[in-house]
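Comments concern the structure below.
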Amino acid sequence: MTADTVPVVVIGAGPTGLTAATLLGQYGIETLVLDRWESVYPLPRAVHLDDEVYRLLARLGIAEEFAAISRPAHGLRLLGRDLRLLAEFRRGSGLGRHGHPEANMFDQPQLEELLRANLERHPTVTLRGNVDVTAIEQSDRGPARVRFTDRTTGEADTVTAGYVLGCDGANSLTRRATGSTMHDLAFTQRWLVVDIATDADLHQWEGVHQVCDPVRAATYMRIGARRHRWEFQLLPGESADDYHDMTRLHPLVRPWTGDLPADALEIVRTAEYTFRAQIADRWRGQRVFLLGDAAHLTPPFIGQGMGAGLRDAANLTWKLAAVLDGHLPEHVLDSYETERKPHARSMINLAKLVGTAMTAGGHTGSRLRRILAPHLHRLPGLSNRILDSRTPALHRSALVDRGRLGLGLAGRLCPNAPLPDGRRFDDLAAGRYALVTSAPVTPALRSEIHDRGGVLVTASPGTALHRWLGQGRTAAALVRPDGTVQRTASDPEALGQLLPASSSYGRVRG
């Protein structure tokens with residue numbers, strides 16, 4: 001791409017930026033991605049995603065490749081400070097409502113390799129690495145100018161963008177350029193994150209081990225065939241520098257590695273992270289948007305940090321494509337923050353709650369956990385709630401017609417349910433608007449849906465989609481290209497007129 005002007009510039013080629021660029025590429029939108037690294041950042045970071053995010057990876061076209069590099073997690077174990085089992089919440093072996101395992105462990109660099117390779121399938125997207133973005137300039141209602149410098153040659157360059165997506169992480173230049181600031185949600189903890197590789201079998205249960213200890217809380221999980229992840233809360237005065245060699249690190253991991261000698265363990269990475277809970281006060285400044293860690297930071301206790309960024313990308317890109325193609329008015333882009341900000345805040349608050357329950361209360365908290373945790377499984381529905389990967393409904397917006405009481409299906413994801421012909425909902429919808437109905441439709445409505453580039457999905461009695469509509473006390477649902485229900489009705493005729501003049505922008509082109 002040599003043009004000085006492009007419809008969209010994406011700043012940052014981490015999972016969020018690559019997902020946004022791929023979705024825009026599927027819509028045929030010319031996009032330039034700028035990143036400071038020449039290739040994938042090699043060190044592990046995120047290690048978990050749920051079935052909702054897995055579903056998005058399938059939409060990107062890498063489901064089979066991701067399956068080859070990931071492994072389902074079996075659930076959650078709560079352990080006391082002496083590593084005695086307090087409670088266990090075990091997942092079944094079946095697929096979740098989105099058609100994929102509900103909890104999945106993986107190595108982030110491997111996922112990013114898949115995302116980068118897959119991006120090459122889309123000729124309208126160009127990835128330029130090894131550059132530093134130095135400034136983003138905007139005039140009233142006009143396009144944005146992005147200035148950047150080649151890190152090898154020092155050559156400065158500028159590109160004019162119709163829209164800019166800031167996927168540039170916690171220290172986001174994009175956020176500063178919009179004048180947005182992070183609002184602190186009152187959670188800060190320092191942790192040591194350790195990744196170790198070994199050919200030995202540690203003979204550990206292949207779920208998440210959560211050590212509930214107000215002094216040295218810890219987490220362990222197996223990530224891959226050779227990879228294991230530990231996280232330990234750092235004590236006052238400690239830092240990651242104290243654990244760069246196995247001599248100091250071995251006592252921390254030995255409860256899981258047993259008699260395995262230290263030289264059988266290869267340190268892949270030790271790093272100090274400050275787990276924070278923060279959210280940006282504004283996610284949009286004229287034509288510039290914030291996504292991922294640039295917009296929100298969440299403690300990792302429920303494994304939703306990276307997934308939140310990918311949800312941002314899924315929410316914004318189809319709207320942006322529709323606006324650029326002239327099928328939706330520009331003001332609908334305001335619905336991005338309206339919908340995503342409360343959702344992100346809810347997930348951050350849940351992560352804070354889990355983190356506090358795991359680490360707070362001193363010795364009194366430890367005693368209460370020892371007493372109460374073994375009985376948690378007896379509480380009706382608690383196991384399902386702890387393991388349920390469903391996230392909150394989106395708030396009412398220009399593209400979510402949700403009642404004031406928040407009841408019904410609007411704002412929630414349509415399940416990626418199996419269809420009678422062996423496909424799933426996403427295979428048929430293929431990123432387009434879909435009208436799902438258990439009621440008969442007229443030939444005129446069927447023709448109108450087709451002419452507008454949408455798809456009609458019949459929810460026959462006995463099918464999962466028929467049950468889903470019944471549980472939502474409705475007969476028809478209008479589902480957006482990102483899988484979110486926009487509106488429901490007892491008569492499908494009331495929904496057909498809400499489809500954009502053409503929803504063909506949602507049809508995958510590559």
Side-chain angles (χ1 to χ4, degrees), residues 10 12-23 25 33 35-74 95-96 98-122 125 127 129-130 167-169 193-202 204 206-208 219-231 265-271 273 291-293 300 303-311 313-314 389:
V10 176
T16 299
L18 292 170
T19 297
T22 303
L23 291 171
V33 185
D35 192 70
R36 74 184 314 268
W37 303 106
E38 182 65 34
S39 58
V40 169
Y41 185 73
L43 297 179
R45 287 155 290 161
V47 295
H48 169 271
L49 58 81
D50 62 19
D51 56 331
E52 180 184 325
V53 178
Y54 201 145
R55 177 182 182 178
L56 179 54
L57 297 182
R59 168 133 179 243
L60 300 181
I62 60 170
E64 292 184 7
E65 293 89 341
F66 180 72
I69 66 163
S70 63
R71 58 196 309 124
H74 293 178
L95 302 180
H98 297 298
H100 304 283
E102 290 185 311
N104 305 274
M105 315 308 297
F106 67 97
D107 178 42
Q108 182 172 334
Q110 287 185 302
L111 173 59
E112 291 188 26
E113 291 280 6
L114 296 181
L115 289 169
R116 284 191 177 227
N118 187 59
L119 192 64
E120 296 177 1
R121 297 171 51 204
H122 303 287
V125 181
L127 171 58
N130 207 29
C167 308
D168 48 347
V193 177
V194 179
D195 287 274
I196 288 178
T198 180
D199 291 320
D201 187 348
L202 301 189
Q204 295 294 334
E206 293 201 12
V208 177
T219 305
Y220 161 76
M221 61 206 91
R222 185 174 181 178
I223 305 304
R226 301 185 68 248
R227 277 276 318 287
H228 304 263
R229 160 72 61 90
W230 282 268
E231 297 168 355
L265 303 172
E266 173 194 348
I267 298 177
V268 177
R269 185 192 195 196
T270 61
Y273 280 89
L291 295 81
D293 285 357
Q304 289 290 339
M306 189 195 77
L310 270 62
R311 290 183 178 97
S389 63

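The model shown is predicted, which means the values in this text are computed figures rather than measured ones.
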Please name the pair of heavy atoms, one in A46 and one in Q108, separated by the smallest distance, quoted to 0.1 Å.
N-OE1, 2.7 Å
For the pair N104 (side chain) and L49 (backbone), establish whether a donor and an acceptor sit closer than 3.5 Å, ignoring hydrogens and angles.
yes
Mind checking the CD-CG spacing from E38 to L127? Nearest 0.5 Å is all I need.
8.5 Å
Is it the case that the side chains of Q304 and R311 hold a donor-acceptor pair, with the cut-off being a distance below 3.5 Å and no angle test?
yes
Lys/Arg N to Asp/Glu carboxylate O, R55 vs D50, below 4.0 Å:
no
Using modelled atom types and a 3.5 Å cut-off, is there a donor and acceptor pairing between side-chain atoms of R229 and backbone atoms of R45?
yes
Reference residue L18; test side chain to side chain contact (heavy atoms under 4.5 Å, CB included); the match among V40, L60, D35, L119:
L119
Check against salt bridge (charged side-chain N to carboxylate O under 4.0 Å, His left out), R269 and D195:
CA-CA 5 Å; R269 185 192 195 196; D195 287 274; 5.6 Å; no
Side chain H228, main chain R222, donor-acceptor under 3.5 Å:
no
Donor on one side chain, acceptor on other, Y54 and H98, under 3.5 Å
no
Measuring from Y220:OH to E231:CD, what's the distance to the nearest 0.5 Å?
12.5 Å
Between atom CG of L57 and atom CD1 of I62, what is the distance when rounded to the nearest 0.5 Å?
4.5 Å
Indicate the atoms forming the closest heavy-atom contact of V33 with A21, along with that distance.
CG2-CB, 3.5 Å
